[in-house]
Amino acid sequence: GLHGLLGMVFDQVALHEEMLSQRLLEFLSRKPSVTIIGENAAGRDVRVPTISFVVDGKKSSDITREVDRAKIGIRYGDFYARRLIERLGLTGIDGVVRVSMVHYNTLEEVDRLIDALDPLI
């Protein structure tokens with residue numbers, strides 16, 4: 001029935017989002033200057049496909065500005081979690097870099113993002 005069909009669709013969406021997240025998380029995990037905020041795993045049981053990170057010695061705003069030049073929209077800041085960002089000591093670097101991916105994003109887009117990030121981190 002419809003319920004079963006919707007369940008299959010949502011499973012496919014979650015699988016695709018896990019694949020996108022896994023690609024980015026694997027790249028970020030290989031960079032010694034990067035600290036991923038939250039889990040390094042892409043499974044839907046541990047995270048959504050929104051990934052936040054910081055880079056040693058870099059302001060999050062500078063990274064985002066450079067990636068914007070490649071026509072890729074990522075953002076930086078505290079994302080309404082100001083006390084957490086303050087507690088983590090990230091206010092001075094303009095918070096975290098945040099990448100949000102969803103079902104309509106492609107692996108090719110993630111690879112473009114990785115290509116834009118690679119020389120910056």
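Keep in mind that this is a model prediction, so the values were computed, not measured.
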S.K.: Who are the side chain to side chain contact (heavy atoms under 4.5 Å, CB included) partners of Thr64, not counting sequence neighbours?
M.R.: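 For Thr64 the side chain to side chain contact (heavy atoms under 4.5 Å, CB included) partners, ignoring immediate neighbours, are Asp68, Ile74, Arg75, Tyr76, Val97.
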S.K.: Could you check whether any side-chain heavy atom of His16 comes within less than 4.5 Å of a side-chain heavy atom of Val102, counting everything from C-beta outward?
M.R.: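 No - every pair of side-chain heavy atoms lies 4.5 Å or more apart.
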S.K.: Given the rule in the salt bridge (Lys or Arg N to Asp or Glu O under 4.0 Å) test, do Glu66 and Arg69 qualify, once you have shown the distances and angles that lead to the verdict?
M.R.: CA-CA 5 Å; Glu66 290 299 318; Arg69 292 180 186 183; 3.5 Å; yes
S.K.: Applying side chain to side chain contact (heavy atoms under 4.5 Å, CB included), name anything that partners Arg44, two or more places apart in sequence or on another chain.
M.R.: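 Per chain and number, Arg44 pairs via side chain to side chain contact (heavy atoms under 4.5 Å, CB included) with Asp11, Ala14, Leu15, Glu18.
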S.K.: To the nearest 0.5 Å, tell me how far Ile114 CD1 sits from Arg23 CZ.
M.R.: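 With rounding to 0.5 Å, CD1 (Ile114) is 6.5 Å from CZ (Arg23).
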S.K.: Say you draw a straight line from CG of Asp78 to CG of Leu88; how long is it, rounded to the nearest 0.5 Å?
M.R.: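 Answer rounded to 0.5 Å: 11.5 Å.
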S.K.: Kindly give the heavy-atom pair with the smallest separation between Ile37 and Arg47, and that separation in Å.
M.R.: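 Closest pair (atom of Ile37, atom of Arg47, distance): O-NH2, 3.5 Å.
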S.K.: Per the side chain to side chain donor-acceptor pair (under 3.5 Å) rule, what does the pair list look like for residues 27-40, sequence neighbours excluded?
M.R.: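 Residue pairs passing side chain to side chain donor-acceptor pair (under 3.5 Å), neighbours aside: Lys31-Asp118.
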S.K.: Using 0.5 Å steps for rounding, measure from the CZ atom of Arg112 to the NZ atom of Lys71.
M.R.: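 It is 10.0 Å, given to the nearest 0.5 Å.
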S.K.: Does any non-hydrogen side-chain atom of Val110 lie less than 4.5 Å from one of Thr106?
M.R.: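 They are not in contact (no side-chain heavy atoms under 4.5 Å apart), so the answer is no.
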S.K.: Working to the nearest 0.5 Å, report the span between CG of Leu25 and CG of Leu28.
M.R.: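 Interatomic distance, Leu25 CG to Leu28 CG, rounded to 0.5 Å: 6.5 Å.
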S.K.: Quick one: does Leu84's side chain get under 4.5 Å of Phe79's, heavy atoms only?
M.R.: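 When only atoms from C-beta onward are counted, Phe79 and Leu84 do not touch, as no gap falls below 4.5 Å.
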S.K.: OG of Ser52 to CD1 of Ile85: how many Å apart, nearest 0.5 Å?
M.R.: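 One gets 7.5 Å once the value is rounded to the nearest 0.5 Å.
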S.K.: Around atom CZ of Phe10, are there more than 12 heavy atoms from other residues, nucleotides or ligands closer than 6.0 Å?
M.R.: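 No, because the 6.0 Å sphere around CZ of Phe10 holds 12 heavy atoms or fewer from other groups.
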S.K.: Val54 and Gly95: which non-hydrogen atoms are nearest, and at how many Å?
M.R.: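 The answer is CG1-O, 3.7 Å.
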S.K.: Check side-chain hydrogen bond (donor to acceptor under 3.5 Å, both in side chains) between Glu26 and all other residues, then give those that pass, not counting sequence neighbours.
M.R.: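 Partners of Glu26 by the side-chain hydrogen bond (donor to acceptor under 3.5 Å, both in side chains) criterion, ordered by chain and then number, come out as Gln22.
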S.K.: I would like to know whether Ile51 and Arg98 meet side chain to side chain contact (heavy atoms under 4.5 Å, CB included); could you show each step before the answer?
M.R.: CA-CA 6 Å; Ile51 297 166; Arg98 186 183 73 178; over 6 Å; no
S.K.: Taking the side chain as everything from C-beta on, heavy atoms only, tell me whether Ile36 gets closer than 4.5 Å to Val34.
M.R.: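 Yes - at least one pair of side-chain heavy atoms lies under 4.5 Å apart.
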S.K.: For residues Leu90 and Val55: do they belong to one hydrophobic cluster (side chain heavy atoms under 4.5 Å, members Ile, Leu, Val, Met, Phe, Trp, Tyr)?
M.R.: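 Shared cluster, no.
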S.K.: Which residues pass the side-chain hydrogen bond (donor to acceptor under 3.5 Å, both in side chains) test with Asn105, sequence neighbours left out?
M.R.: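 Only Glu109 meet the side-chain hydrogen bond (donor to acceptor under 3.5 Å, both in side chains) criterion with Asn105.
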S.K.: Using the rule that Ile, Leu, Val, Met, Phe, Trp and Tyr join whenever any side-chain heavy atoms are under 4.5 Å apart, tell me whether Leu107 and Leu117 fall into a single cluster.
M.R.: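 Yes: a chain of side-chain contacts under 4.5 Å links Leu107 to Leu117.
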S.K.: Do Thr50 and Val99 make a side-chain contact, defined as non-hydrogen atoms from C-beta onward lying under 4.5 Å apart?
M.R.: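 No; the side chains remain at least 4.5 Å from each other.
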S.K.: State the CG-CD1 distance between Leu120 and Ile63, to the nearest 0.5 angstrom.
M.R.: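 Here the interatomic distance stands at 6.5 Å.
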S.K.: Under a 4.0 Å N-O cut-off, is there an ion pair linking Asp62 with Arg65?
M.R.: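 Looking at Asp62 and Arg65, the cut-off is met.
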S.K.: Got Glu17 and Met101 here, is their nearest side-chain heavy-atom distance under 4.5 Å?
M.R.: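 In short, these two side chains do not touch, never coming nearer than 4.5 Å.
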S.K.: Suppose we screen for side chain to side chain contact (heavy atoms under 4.5 Å, CB included). Which residues come up paired with Ala70, at least two apart in sequence or across chains?
M.R.: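 Counting only residues at least two positions away or on another chain, Ala70 forms a side chain to side chain contact (heavy atoms under 4.5 Å, CB included) with Ile72, Ala116.
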S.K.: Measure from the side-chain N and O atoms of Lys58 to the backbone N and O of Ile121, and report whether any donor-acceptor pair falls under 3.5 Å.
M.R.: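 No.
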